[in-house]
Amino acid sequence: MCGRYTLGRQPNSLLDYFHLHGEVPVYHLSWNITPSQMAPVVLQDTKQGSGAGRVCQLMRWGLVPGWSKGPDPRYNMINAKAETIDQKPAYKNAFSQRRCLIPCDGFYEWHAVPEHELEQKPEMSLALASEPASKKNTKKKNRIAKQPYYIYKNDDSLLALAGIWEQWASPDASQQIDSFSIITTDANPFMQNIHHRMPVILSPDQFDTWLSEQHQASDQLKSLLVPYQGDDLAMHTVSKAVNSPKNDGIELTEAVEA
DNA sequence: CCAGACGTTGTT
DNA sequence: GTCTGG
DNA sequence: CCAGACGTTGTT
DNA sequence: GTCTGG
């Protein structure tokens, strides 16, 4: 899963890594990008005659299908499962025609600590202890403490997440929204202790295939959507301050003891 | 044919 | 829009 | 992803 | 609990 990420470097720093053609839009540097926010994505230039190239454009995180009545948080379309992306009605069209890359510095995952581990770490039970004893607390959901982790490249270089995007317009075209979804796959060995899913991370030699507007065989595209194979990721625990979408700042990414 | 859905994650 | 269910 | 809100009526 | 908002 990937439900929060960071992009705290200046727009110009995306030019080289993504071989961008044209300008990078101004975006808000953030170490706590949340679903529904606008963020830059990279896609193949669609303009005729200007030559092949990649452009960067701001889009809303959370896919809004073209046939929907508008953004609806009941449909949590911030991620798309790689395994079924070419089958699901809500994603298959975007997968075959509108693939993109999402630039990021790193992303957060929350590790659900099972109750039996809490007994050895009583300090993690504080929030639970204040809950009145009741039948409600038998719901497992209320018994889990979550520890946020930050995952990033160990040389602090950019990451490119695989994504798909959509265009939506209201019937009278007064409102238009370009939106994207981040593709997830199984966690690689590095991450599976904290989570069993992770975003698909593509390397620069895969960008052309992924972004190509030429028809690509579904199998060839899906072969890119696998757990990250590199051994150059790093991770550490961070403050629970990242939990609140209201908080932002580079300090959210700093290592803090669990 | 028309109506209605269209999603992921984690948890047990 | 496209697919599934009735 | 997590945080935070969650409602209607009638009356002045 | 469930839904919306960021």
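Convention: sequence-line order gives letters A, B, ...; per-chain numbering from 1.
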Discussion item. As a quick check of understanding, evaluate side-chain contact (heavy atoms from CB on, under 4.5 Å) for A:Q10 and A:V26, giving each step before the final call.
Written reply: CA-CA 9 Å; A:Q10 296 294 337; A:V26 173; over 6 Å; no
Worksheet item: What orientation do A:W110 and A:Y108 show, parallel under 30°, tilted 30 to 60°, or perpendicular over 60°?
Response: tilted
Discussion item. Could you measure the distance from the SG atom of A:C104 to the NZ atom of A:K153? Nearest 0.5 Å is fine.
Written reply: 10.0 Å
Worksheet item: Does some side-chain heavy atom of A:L233 sit less than 4.5 Å from a side-chain heavy atom of A:N154?
Response: no
Worksheet entry | Nucleotide interval of DNA chain C bounded by contacts with chain A (heavy-atom cut-off, under 4.0 Å) | C:dG1 to C:dC3
Discussion item. If you define the side chain from C-beta out and look only at heavy atoms, does anything of A:V42 sit under 4.5 Å from A:R54?
Written reply: yes
Fill in: Gap in Å between the two C1' atoms, one belonging to E:dC3 and one to D:dT9, rounded
23 Å
Fill in: Rounded distance (Å) that lies between atom C1' of B:dT8 and atom CD of A:Q87
17 Å
Worksheet item: Which word best sums up how the rings of A:F18 and A:F207 line up, parallel for under 30°, tilted for 30 to 60°, or perpendicular for over 60°?
Response: parallel
Discussion item. Using only atom types and a distance under 3.5 Å, with no angle test, would you say the side chain of A:R99 pairs donor to acceptor with the backbone of A:W210?
Written reply: yes
Fill in: Presence of salt bridge, A:D86 and A:K222, under 4.0 angstrom
yes
Discussion item. Please determine whether a side-chain nitrogen of the Lys or Arg among A:E83 and A:R197 lies less than 4.0 Å from a carboxylate oxygen of the Asp or Glu.
Written reply: yes
Worksheet item: Between A:D186 (CG) and B:dT8 (C1'), how many Å, whole number?
Response: 14 Å
Worksheet item: What interatomic distance, in whole Å, is found between C1' of D:dA5 and the corresponding atom of B:dT8?
Response: 23 Å
Fill in: Length of the line joining A:M198:CE and B:dT9:P, which is rounded to integer Å
13 Å
Discussion item. Using the C1' atom as the point on both nucleotides, what is the distance between E:dG1 and B:dT11, in whole Å?
Written reply: 16 Å
Worksheet item: Within the distance-only criterion (no hydrogens, no angle test), does the side chain of A:N32 pair as donor or acceptor with the backbone N or O of A:N247 below 3.5 angstrom?
Response: yes
Response to the item:
From OH of A:Y108 across to P of B:dT9 the rounded distance in Å is 20 Å
Item to complete: Could you tell me whether A:R74 contacts a base, only the sugar-phosphate backbone, or nothing, with contacts defined as non-hydrogen atoms closer than 4.0 Å?
Response: base
Discussion item. OP1 or OP2 of B:dT9 versus the side-chain N and O atoms of A:T184: is any pair under 4.0 Å?
Written reply: yes
Worksheet item: Where the side chain of A:T237 meets the backbone of A:V256, is there a donor-acceptor pair that is under 3.5 Å apart?
Response: yes
Fill in: Watson-Crick or G-U pairs under 3.5 Å in DNA chain B, rendered as dot-bracket with [ ] for crossing pairs and | for another strand
||||||......
Worksheet item: With rounding to whole Å, what would you report as the distance between B:dT12 and D:dC2 at their P atoms?
Response: 15 Å
Please write out each protein N/O paired with an N/O of nucleotides 1-5 of chain D under 3.5 Å, distance rounded to 0.1 Å.
residue	atom	partner	partner atom	Å
D:dC1	O2	A:R4	NE	2.8
D:dC1	O2	A:R4	NH2	3.2
D:dC2	OP1	A:K146	NZ	3.0
D:dC2	O4'	A:R4	NH2	3.0
D:dC2	O3'	A:N243	O	3.3
D:dA3	OP1	A:N243	ND2	3.3
D:dG4	OP1	A:K246	NZ	3.0

